Amino acid sequence: MISKLLVAYDGSKQAEKAYSLALDMASKYSSKMIVLSVARPPEPPVAVELEAVLESATAYYEGHFKGMKERAEAAGIEAVFVVRVGHPAEQIVHMADEEAADAIVMGHRGESFLQRWLLGSVAKRVLSYAHCTVVVVR
């Protein structure tokens, strides 16, 4: 049974599709949802800059979260929305562990072959390190 879903959200089309699928899953399983957005810190990170990045990211994602919260409430789904700063894959896996999520739902980024080869995709890293089921939406 899936009692808690973690949804990774970055504002992309794939993330929107992932959120829609997660709403459907949460409705079917009567699951709680945690929606996580991750802001990347500047390089090298400085404490003052991290605070500014978090404030800016929170303001940006709150605009997206408003409509998402309304959709969850309309479907009768308990949802929490969180913004963190760090590497997206690391933060997604960490929060899934921290919250004992039964599944992670996330979008697949349409990066070029060269970018995936040099950097690796967030989805690939989450698939490699997550303790739970990972659903990647294209």
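These numbers were taken from a predicted model, which means no experiment stands behind them.
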*Asks:* Measure the CG-OG distance between Leu5 and Ser31 for me, rounded to the nearest 0.5 Å.
*Replies:*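 Between atom CG of Leu5 and atom OG of Ser31 there are 4.5 Å.
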*Asks:* Applying side-chain hydrogen bond (donor to acceptor under 3.5 Å, both in side chains), can you list everything that pairs with Ser20, at least two apart in sequence or on another chain?
*Replies:* Arg71
*Asks:* If you take all heavy atoms of Ile77 and Ser27, which pair is closest and at what distance?
*Replies:* CD1-N, 3.9 Å
*Asks:* Okay, side chain of His131, backbone of Ala101: is any donor-acceptor separation there less than 3.5 Å?
*Replies:*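 Indeed, once roles are kept as given, a pair shorter than 3.5 Å links the two residues.
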*Asks:* When you check the side-chain N and O atoms of Glu90 and His94, is any donor under 3.5 Å from an acceptor?
*Replies:*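 No, no side-chain donor-acceptor pair sits under 3.5 Å.
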*Asks:* To check you understand the geometry: which heavy-atom pair defines the closest contact between Ile92 and Ala8, and what is its length?
*Replies:*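 That closest heavy-atom pairing would be CD1-CB, 3.6 Å.
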*Asks:* Measure across Ala15 and Gly11 and return the closest heavy-atom pair with its distance rounded to 0.1 Å.
*Replies:* CB-N, 4.0 Å
*Asks:* Of all heavy-atom pairs between Ala18 and Gly107, which one has the smallest distance, and what is that distance?
*Replies:*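 Closest pair (atom of Ala18, atom of Gly107, distance): CB-N, 3.7 Å.
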*Asks:* Quick check against the 3.5 Å criterion: does Ser128 have a side-chain atom that pairs as donor or acceptor with the backbone of Lys124?
*Replies:* yes
*Asks:* Applying side-chain contact (heavy atoms from CB on, under 4.5 Å) between Leu127 and each of Val122, Val136, Ile104, report the one that passes.
*Replies:* Val136
*Asks:* Taking atom NZ of Lys4 as the centre, report whether more than 12 heavy atoms of other residues, nucleotides or ligands fall under 6.0 Å from it.
*Replies:* yes
*Asks:* Would you compute the distance between atom CD1 of Ile34 and atom CD of Glu99 and round it to the nearest 0.5 angstrom?
*Replies:*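 Nearest 0.5 Å value for the CD1-CD distance: 3.5 Å.
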*Asks:* Quick check against the 3.5 Å criterion: does Ser37 have a side-chain atom that pairs as donor or acceptor with the backbone of Asp10?
*Replies:* no
*Asks:* Which is it for Leu36 and Val7 under the side chain to side chain contact (heavy atoms under 4.5 Å, CB included) test, yes or no, and what are the steps along the way?
*Replies:* CA-CA 6 Å; Leu36 172 65; Val7 184; over 6 Å; no
*Asks:* Do Val82 and Met95 have side chains that get closer than 4.5 Å, going by heavy atoms?
*Replies:* yes
*Asks:* Is Arg84 salt-bridged to Glu98, going by a charged N under 4.0 Å from an acidic O?
*Replies:* yes
*Asks:* Rounded to the nearest 0.5 Å, how far apart are OH of Tyr61 and CE of Met68?
*Replies:*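 Rounded to the nearest 0.5 Å, the OH-CE separation comes out at 10.0 Å.
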*Asks:* Show, in sequence, the C-alpha distance, side-chain angles and deciding distance for Ser3 and Asp102, and conclude whether the side chain to side chain contact (heavy atoms under 4.5 Å, CB included) test is met.
*Replies:* CA-CA 7 Å; Ser3 61; Asp102 299 303; 2.8 Å; yes
*Asks:* Nearest 0.5 Å, please: how far is CD1 in Ile2 from OG in Ser30?
*Replies:* 11.5 Å
*Asks:* To the nearest 0.5 Å, what is the distance between CE on Met106 and CG on Leu6?
*Replies:*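 With rounding to 0.5 Å, CE (Met106) is 9.0 Å from CG (Leu6).
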*Asks:* Please find the pair of heavy atoms, one from Val38 and one from Val85, that lie closest to each other, and give the distance.
*Replies:*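 For Val38 versus Val85, the nearest heavy atoms are CG1-C, 4.4 Å.
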*Asks:* Could you walk me through whether Arg125 and His87 pass the side chain to side chain contact (heavy atoms under 4.5 Å, CB included) test, one step at a time?
*Replies:* CA-CA 11 Å; Arg125 289 181 183 177; His87 185 278; 3.0 Å; yes
*Asks:* How long is the straight-line distance from CZ of Phe65 back to OG1 of Thr58, given to the nearest 0.5 Å?
*Replies:*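 Rounded to the nearest 0.5 Å, the OG1-CZ separation comes out at 8.0 Å.
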*Asks:* Testing the basics here: between Tyr19 and Lys69, what is the closest heavy-atom pair and its distance to 0.1 Å?
*Replies:*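 For Tyr19 and Lys69, the tightest heavy-atom pair comes out as OH-N, 4.3 Å.
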*Asks:* Please evaluate residues Phe81 and His64 with respect to the criterion side chain to side chain contact (heavy atoms under 4.5 Å, CB included), reporting the C-alpha separation (whole Å), side-chain torsions for both, the decisive distance (0.1 Å), and the verdict.
*Replies:* CA-CA 10 Å; Phe81 295 79; His64 289 271; over 6 Å; no
